Protein chains: 2
Amino acid sequence: MDKVTHVVPKLHLTDHGKSASPRMEYPPPFPDSQLENLVSDIKDWQITHGSLLKLVNTDQDSTVLTHAVGACLFPTLFPKEQFEQALGLQKVYNKLYARVAEDEEWLYDTLKDDEFARVLWDIHKEVKKEGYVQDHSLGIFRSDYMLDANPAGQVKLKQVEFNTISCAGGIHSNLISDMHRHLQRRGAYVAAGLDDTTASINISASHLPPSHTLSTITSGLVSAHTLYGPPKSPDAEQTCILFIVQPRNFNIADERPIEYALWDQNIPVFRVELSPEILAHTSLTPTRELLYHPPSRAAAAPLEVSVVYLRAGFEAEEYSGPGCGDAREARVRVELSRAVKCPSILSHLTTFKKVQQALAVPGVLQRFLPSSGEAFNISSTFAQLYPMDASAAGLEARELAMDEEVSEGYVLKPSLEGGGHNVYGSAIPAFLACTPEEEWSRYILMSKIVSPTVQNLLMSPQGLYKGPVISELGVFGVCLWRRSGEAEGRVEMIGNTEPCCWSFKTKSKGVDEMSVVKGYGCFDSPALVDNDVFMACCRDDEQG
Amino acid sequence: MDKVTHVVPKLHLTDHGKSASPRMEYPPPFPDSQLENLVSDIKDWQITHGSLLKLVNTDQDSTVLTHAVGACLFPTLFPKEQFEQALGLQKVYNKLYARVAEDEEWLYDTLKDDEFARVLWDIHKEVKKEGYVQDHSLGIFRSDYMLDANPAGQVKLKQVEFNTISCAGGIHSNLISDMHRHLQRRGAYVAAGLDDTTASINISASHLPPSHTLSTITSGLVSAHTLYGPPKSPDAEQTCILFIVQPRNFNIADERPIEYALWDQNIPVFRVELSPEILAHTSLTPTRELLYHPPSRAAAAPLEVSVVYLRAGFEAEEYSGPGCGDAREARVRVELSRAVKCPSILSHLTTFKKVQQALAVPGVLQRFLPSSGEAFNISSTFAQLYPMDASAAGLEARELAMDEEVSEGYVLKPSLEGGGHNVYGSAIPAFLACTPEEEWSRYILMSKIVSPTVQNLLMSPQGLYKGPVISELGVFGVCLWRRSGEAEGRVEMIGNTEPCCWSFKTKSKGVDEMSVVKGYGCFDSPALVDNDVFMACCRDDEQG
């Protein structure tokens, strides 16, 4: 993996040697002192708004150190048309994935070769044998896109992946969006003086779409909680929402604000780890209410769980690692219960990249979206996707992937988890050479998205970077549905929120992976511009 | 200065060896696991709400580390009667100090021997020669109190000091108060199980007064800004508030939220350092409007300053240290201007402890508060205060201070700044012995306030402390007045806000100084109880 190599150790970023002809500069060239002020303003804003990460190794009894999460100094240019296209597609994507989740037959067929999917499938089977007692599911999804530039100089929106469990980054992006909007209103983006040879974009409030990610995610949870209604068990006096969280998470800033926002609406929220806390602190009544017994209220009445929101349980290691023996049992208990799950086990299964790839097979979308218009709009965002199994398409993909030159245009992705374990371009043949062939089917092959680059400054604990950057837009979808044999696609949509919530991440061009909390890339917000302005600002050089 | 010595390195704080008879325990005894959860909840809350301090030595271009500011795990018990007494007195204290500020003759007489006061007085004289053009002043005051226990077992409210410039701690306390209220609503203060030998106080929402410190301070600044009205200078298109701040402040969490709250009300706020930024980025028009020229908007119109809010300029070193040459000139420019000052130079002068001591001289209060009821209520909060000069009262004080035994009951305080440079009890005679006698008059002598101790757990980067603690309540007073020869005491009160804002700090009994940002003590909020409950919980032992 490339490291960020263009770290500028000091704040001497002023441009030198400008050409005589005027050209479009964004971000505007700032004198050093103005850039120093901007950096200082950003750090203070992040500190006072919790835009931070814990340094896990400093987490002691009485203290823990934090530093600001990586952030872009300026909002990054992004074409307005594609931003609106992505937001406009989300309600259809929500419907699509709800229907996929309720199509057991197709889902089983698609995922039957995946080891971790089988673990989850077995949980589903076990619960199905007892019978599900909750027909409703809450989806908090995130569809990720990048821009793809074709040789004709047009840009197109291409989907990177679709996530249905534990979608993160929304709160961080909400904060950075708020910050960029604050900096804009206080005039921090107006360059102190541009000479005649340079033009720039004067960022106004209308370039910066507001983010309502925190409130939208919170509203989704409130809807499901409200739908659940009062406690059914005579043992419980009130209901609560349960967050299942990972232990020692250093990225609490992306979870805790949702919890506080729910408490502000008088909805009790408690956090538990999947294992062993679920088994220790919950119980199922004979009629399958899930009761939560807070350890801090041993003598008091338990609460009945209305909604279980998973911010854990999405990694295979959480079920099979040392000390994880009971995680499967905990998940079974949750699924057996009457609580609304976000996501349900079937919905969780739709997050595998095998599903994304299988949906791209010609004709498949029509199974879930009979409207040809909807299917067309969705499929226009698909990159080329191949299985890596022994099917005809898989054998074709293997040929592409093993070719030293052709593989340059592809990414090999494990079916399960986005980002972290991808193999890029020319590294694919060597990787496959040392991977047993029977394991190849766990991967999919995807054509590389070649994004146009614009310029920005990125700030993270690793340093300041100035140069060409690439952004990824994640659109959050919040929806609540009921499984129903009579409804189209077995799904009755009860709530399908108009999306105005997104994550936006930007990395230096030289880095393949996009994971801000791991130190690759920064949280960001888009500065929306017309396509021609965007294209005029696309540049690949290291110094603006 | 004592260090915190009772640091408990690990979370094994469970009580052992309880006596057979039930006794009142507060905080309730928590099992280790519940205490660990509480600690974890508090750290996450502080991180996500900016209840933090910068580690200055880590402040680099692209990053800075932070840690949570010291906080009490539980709200500390405090008698409701004295809390309400303190809040109830604040409007009278506001009036008193506004009148003192407008009584030049008395103020000059009181402060004429103080070196730093003379520096400020000279600024006043210089401005007065030109003539003041702004009759209004904004006060954001803070009156600090501790509880004094007398041998009869009663507690009384005693004033520690009165601050009229750059009053800090309000935002931190607001945050910790919000946090304690959040923890209460989520049931974090209910002990998992008390045995029959122990009783405790079940903290409910009604014990915890809400803090409106941020919104009250912000409202005060908004009032002064509104009173100023539209720009008077044809060169300015809009008005703004200027914060004068100290460079490289690690405690930005106590300032920045006020700035953001003003921007949220569409009031532009800019931060400048006293020197050299004021001189570089402001100018006075011939009619004395103060114009601010933001460095980030060199080409744009300047803004006219409506209000100058000082969070700097209160230390002598800021005017006399290396590179401070222009600080005096900057302060003169601000005073000369039409902007409303918070505080004005005369109001700044009232913060000296010589003023506090002089007001305690019998008969003096009546000069400012002709109502005997008001004067009586105010004076009931005075500790014994003596000058250390060559007057009759001063000579008496010198005798007290030089006596090895008697001095135990006193604190020697420099006239200027609260907290940091006090000399306590038996250390006074030795301190005076090596201080030239001509400098003694810069100090005042104050009887030690002997606070009753209750129990709590304090958490700070230095460690966890469990044991007897002492609290200090600071009541914020926000008021706006006009100097007027015709009004009583030369002051026409335009706004005198009902106080519902306070700071609350708690330290271990063994520590003399109270300065949370320096690591002595923690921010806190009071759990208000009746006097008899408070007294029943007063205990001095190290382990509950």
Side-chain angles (χ1 to χ4, degrees), chain A residues 7-11 30-31 33-34 36-39 41 43-45 47-50 52 54-55 58-59 61-68 182 185-194 252-253 255-257 260 263 266 268-270 294-300 459-465, chain B residues 7-11 30-31 33-34 36-39 43-45 47-50 52 54-55 58-59 61-68 182 185-194 252-253 255-257 260 263 266 268-271 294-300 459-465:
Chain A
V7 170
V8 182
K10 296 228 174 238
L11 273 171
F30 269 24
S33 64
Q34 196 181 355
E36 276 171 34
N37 286 341
L38 182 60
V39 162
D41 279 347
K43 285 195 282 192
D44 284 5
W45 201 96
I47 291 170
T48 46
H49 290 79
L52 302 167
K54 285 185 190 176
L55 276 77
T58 68
D59 204 349
D61 287 345
S62 68
T63 189
V64 56
L65 294 179
T66 65
H67 55 195
H182 168 71
R185 71 180 174 181
R186 77 183 298 294
Y189 290 140
V190 182
L194 291 177
I252 49 106
E255 287 177 10
R256 287 285 199 177
Y260 305 138
W263 276 104
N266 296 314
V269 178
F270 297 94
S296 60
R297 302 191 191 181
M459 177 163 77
S460 78
Q462 283 90 40
L464 278 170
Y465 163 86
Chain B
V7 170
V8 181
K10 297 233 173 235
L11 273 170
F30 269 24
S33 64
Q34 196 182 354
E36 276 171 35
N37 286 340
L38 182 61
V39 161
K43 285 195 282 192
D44 284 4
W45 201 96
I47 290 171
T48 46
H49 290 77
L52 302 167
K54 285 185 189 174
L55 275 77
T58 69
D59 204 350
D61 286 346
S62 67
T63 190
V64 56
L65 294 179
T66 64
H67 54 197
H182 168 70
R185 73 180 172 180
R186 78 182 298 292
Y189 291 140
V190 182
L194 291 177
I252 50 105
E255 286 177 11
R256 287 285 199 177
Y260 305 137
W263 276 105
N266 296 314
V269 178
F270 298 94
R271 293 161 68 85
S296 61
R297 302 191 192 180
M459 177 163 77
S460 77
Q462 283 90 41
L464 278 169
Y465 163 86

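Keep in mind it's a predicted model, so treat the numbers as computed, not measured. All chains are named by letter (A, B, ...) in the order of the sequence lines, taking the proteins before the strands, and each is independently numbered beginning at 1.
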Practice task
Output the option from B:Met459, B:Arg256, B:His49 having the highest count of non-hydrogen pairs under 4.5 Å with chain A.
Solution key: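 Between B:Met459, B:Arg256, B:His49, the count favours B:Arg256.
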What part of [X] lies closer than 4.5 angstrom to a heavy atom of chain B: side chain, backbone, both or neither?
X        : answer
A:Leu38  : neither
A:Pro268 : neither
A:His182 : side chain

Nearest-0.5 Å distance, [atom1] of residue [X] to [atom2] of residue [Y]:
X       : Y        : atom1 : atom2 : value
A:Lys43 : B:Asp61  : NZ    : CG    : 7.0 Å
A:Thr58 : B:Leu65  : OG1   : CG    : 8.0 Å
B:Leu52 : A:Leu52  : CG    : CG    : 6.5 Å
A:Thr63 : B:Gln462 : OG1   : CD    : 9.0 Å

Practice task
Check whether any side-chain heavy atom of B:Lys54 lies under 4.5 Å from a side-chain heavy atom of A:Ile47, and answer yes or no.
Solution key: yes
Which atom names give the shortest non-hydrogen contact between [X] and [Y], and what distance separates them?
X        : Y        : result
A:Trp45  : B:Tyr260 : CA-OH, 3.3 Å
B:Gly463 : A:Ser62  : CA-OG, 3.4 Å
A:Thr48  : B:Ala253 : CG2-CA, 3.9 Å

Handout entry: Per-residue contact mode, B:Ser460 against chain A (heavy atom under 4.5 angstrom)
Key =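 Backbone only.
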Exercise for the section: Identify which of A:Ile252, A:Asp41, A:Asp44 forms the greatest number of heavy-atom pairs closer than 4.5 Å to chain B. Expected result: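 With the most close heavy-atom pairs to chain B, the winner is A:Asp44.
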